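Have a look at the structure below before the remarks.
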Amino acid sequence: MEGNHEHHAALWGYVERHRPAIESALRRFLPLAPAQIETRFNEAVEYALFSGGKRLRPVLTLLGAELFGGAPEPVLPAAVAGEYIHTSSLIFDDLPCMDNAAERRGQTSLHEKFGEGLAVLVAIGFLNASYGLVFVNHANLPERAMLAHAELVECIGASGMVGGQSVDLALATGAAAGSTADSESIRNLKTSALMRLSLRVGAILAGASPLDLVKLSRFAELLGDAYQLGDDLIDLDEDAGIFVSAQKTLAGSEGRTLAERRLRNTIDDAKRILIENFPAGEARSCLVQFADYLADRRK
Ligand code: GRG
């Protein structure tokens, strides 16, 4: 990521400029238990949230608002919701009953450090804290806030992240039907659903039209696809030489060159949607660079 900074100057400038406000909003709405509850819950909440996340989802919400002429400050609480949902999903995903990961962001995973029970409670705490955040600062725009809230609920649910994770779970245990496992849109559901939500919530609160929102969704879905294709390429790098393992990923089965070309095409399609539909300006430039960043990133 560091090496790409100069190519994505507008985006990283934007991220750096808004990072202090994002971090303080993340702290402001932290789901902390009252002081008389003397467990390690609050320590675990802090450990889960302040462990080096890039805060891409909050940035998408701010950009979603700015793309439609909205100011970033009023949507900061809604931006926080995306990061809380993300944090919650990572905690769930790392559990032994899911992906069983001992590490996250180069550190001991939450359940390894604090125990599975507490990890589940912290994940639910973050999820619960996210639901109301789209209403903060928008009491005077209840229709927009209610629409944003409905999208948030749907994003987490059976047709979004929870359903998407059930596919991954089935794949891991070998229980998925072939057609489900191969469908790329299903495969990307959990990643693209939250990117789409983060962007759209900002746009909805800033007053974007239904047609604008459709275009934005298409852009976000392509971003999710690009993220997944990038992950597959990273896995290929890591698995180089281990044929069987590489074969399990889409990139492995189709070949590296094909995967690279598909990633390129996906990013080009995503950028074209932005340029053909939305006015030039800082927000659009940042989103274009966001797409480029996903195409270039390597672990
Ligand atoms: C109920 C919210 C909820 C989820 C349950 C477990 C689950 C369903 C979904 C898992 C979702 C998951 C782990 C998706 C992959 C997410 C992903 C793309 C992570 C990497 O995101 P970055 O690069 O990470 O933004 P940082 O570390 O920067 O935050």
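As the structure is a prediction and not an experimental result, all values here were calculated from the model. Atoms within each ligand, like the ligands themselves, are counted from 1 in listed order.
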Exercise. How does Thr191 reach ligand 1, by side chain, by backbone, by both or by neither, if only non-hydrogen atoms under 4.0 Å count?
Worked result: side chain

Would you check if [X] and [Y] make a side-chain contact, meaning some heavy-atom pair closer than 4.5 Å?
X      : Y      : result
Ser192 : Asp225 : no
Leu205 : Asn137 : no
Asp269 : Ile273 : no

Show the atoms of ligand 1 that are less than 4.0 angstrom away from any heavy atom in [X].
X      : value
Ser88  : 2 (C)
Lys54  : 22 (P), 23 (O), 24 (O), 26 (P), 28 (O), 29 (O)
Leu127 : 1 (C), 2 (C)
Leu56  : 25 (O)
Met161 : 8 (C)
Gln165 : 6 (C), 7 (C), 8 (C), 9 (C), 10 (C)

Exercise. Under the 6.0 Å and 45° cation-pi test, does Arg27 pair with Phe50?
Worked result: yes

Minimum-distance protein heavy atom relative to [atom]:
atom                    : result
atom 20 (C) of ligand 1 : Tyr227 OH, 3.0 Å
atom 5 (C) of ligand 1  : Phe92 CD1, 4.2 Å
atom 19 (C) of ligand 1 : His86 CE1, 3.8 Å
atom 14 (C) of ligand 1 : Lys190 CE, 3.5 Å
atom 4 (C) of ligand 1  : Ser89 CB, 3.7 Å
atom 27 (O) of ligand 1 : Arg105 NE, 2.7 Å

Exercise. For Arg57, is the nearest heavy atom under 4.0 Å from an atom of ligand 1?
Worked result: yes

For this session: Please verify whether a non-hydrogen atom of Met98 lies at under 4.0 Å from ligand 1.
Result: no

Exercise. Does an N or O from Glu83, backbone or side chain, lie closer than 3.5 Å to an N or O of ligand 1?
Worked result: no

Exercise. Arg55 to ligand 1: N or O pair under 3.5 Å?
Worked result: no

For this session: Using the side chain to side chain donor-acceptor pair (under 3.5 Å) rule, pick out the option among Arg19, Gln289, His8, Glu66 that qualifies with Tyr14.
Result: Glu66

For this session: Answer with yes or no whether the side chains of Ser209 and Asp212 bring together a donor and an acceptor at under 3.5 Å.
Result: yes

Exercise. Is the closest side-chain donor-acceptor distance between Arg196 and Ser217 under 3.5 Å?
Worked result: no

Problem set entry | Parallel, tilted or perpendicular: ring planes of Phe114 versus Tyr47, cut at 30 and 60 degrees | perpendicular

Problem set entry | Salt bridge Arg55-Glu23, side-chain N to carboxylate O under 4.0 Å | yes

Exercise. Does the distance from a Lys or Arg side-chain N to an Asp or Glu carboxylate O, for Glu103 and Lys113, drop under 4.0 Å?
Worked result: no

Exercise. What is the distance from atom CZ of Phe29 to atom CZ of Phe126, rounded to the nearest 0.5 Å?
Worked result: 13.5 Å

